[in-house]
Amino acid sequence: MYLEIITPDKKVYAGEVEAAQFPGANGSFEVLDLHAPLISTLDKGDIRITTNKGQEFFTVDGGVVEVLNNKIIVLAESVTA
């Protein structure tokens, strides 16, 4: 899957991932390969991404995530790695 994490002032991450876990407004959820289309709001918390090199974490202050056609786009208010 392809993931982009974007804030109003910069692109924080762009690349292939195996899995991504998000702090959804109604609880944490994970997106895997070929996931069904989805749009969700994000609460403040950690995004955990799994790549072939291991795991990375990004802390977001809220935002929106869209999953469509094996591409994930995160529009975050702010991100700290």
Side-chain angles (χ1 to χ4, degrees):
M1 297 178 294
Y2 187 77
L3 169 67
E4 286 185 349
I5 301 175
I6 303 167
T7 65
D9 57 337
K10 65 180 175 178
K11 186 180 290 190
V12 177
Y13 181 89
E16 292 292 323
V17 299
E18 295 173 358
Q21 186 174 30
F22 300 98
N26 293 322
S28 179
F29 64 95
E30 187 168 30
V31 175
L32 301 171
D33 197 33
L34 301 174
H35 197 283
L38 161 75
I39 295 177
S40 177
T41 55
L42 298 175
D43 275 348
K44 186 174 185 173
D46 289 333
I47 295 175
R48 182 185 77 201
I49 63 170
T50 304
T51 68
N52 58 2
K53 296 179 182 175
Q55 292 187 343
E56 288 185 60
F57 292 87
F58 300 91
T59 302
V60 295
D61 284 336
V64 178
V65 60
E66 177 188 45
V67 179
L68 184 63
N69 297 327
N70 232 25
K71 182 175 181 181
I72 307 166
I73 298 176
V74 177
L75 303 174
E77 295 172 21
S78 69
V79 175
T80 54

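All values below were derived from every heavy atom in this structure, side-chain atoms included, with hydrogens, water molecules and symmetry-related copies excluded. For clarity, every value in this text was computed on a predicted model and none was experimentally measured.
Sorted by first and then second residue, the ring pair (Phe, Tyr, Trp, His ring centres under 6.0 Å) pairs involving residues 59-81 (not counting sequence neighbours) form an empty list. Within the structure, salt bridge (charged side-chain N to carboxylate O under 4.0 Å, His left out) contacts touching residues 47-56 (residues at least two apart or in different chains) are Glu30-Arg48. Screening residues 35-71 for ring pair (Phe, Tyr, Trp, His ring centres under 6.0 Å), with sequence neighbours left out, gives Tyr13-Phe58.
Residues satisfying the salt bridge (charged side-chain N to carboxylate O under 4.0 Å, His left out) criterion with Glu18, sequence neighbours excluded, are absent altogether. Residues passing the salt bridge (charged side-chain N to carboxylate O under 4.0 Å, His left out) test with Lys10: none are found, sequence neighbours excluded. For Thr7, the side-chain hydrogen bond (donor to acceptor under 3.5 Å, both in side chains) test picks out Asp9, with sequence neighbours left out. Under the side-chain hydrogen bond (donor to acceptor under 3.5 Å, both in side chains) criterion, Thr50 pairs with no residue, sequence neighbours left out.
Contact record, Pro23 with Lys44: CB-O, 4.4 Å, taken as the closest heavy-atom pair. For the residue pair Ile49 and Ala20, the shortest heavy atom distance occurs at CG2-CB, 4.2 Å.
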For residues 64-81, which side-chain N or O atoms pair as donor and acceptor with protein atoms under 3.5 Å away, sequence neighbours left out?
residue : atom : partner : partner atom : Å
Asn70   : OD1  : Leu34   : N            : 2.7
Asn70   : ND2  : Asp33   : OD1          : 2.7
Ser78   : OG   : Asp61   : OD2          : 2.5

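Under a hydrophobic-cluster definition in which Ile, Leu, Val, Met, Phe, Trp and Tyr are linked whenever side-chain heavy atoms come within less than 4.5 Å, directly or via other members, Ile6 and Ile47 are assigned to different clusters.
Counting heavy atoms from C-beta on, the side chains of Ser40 and Phe29 come closer than 4.5 Å.
Residue Leu32 belongs to no hydrophobic cluster, having no ILVMFWY side-chain heavy atom closer than 4.5 Å to its own.
Within the model, atoms OG1 of Thr41 and CG of Asn26 stand 6.5 Å from one another, a figure rounded to the nearest 0.5 Å.
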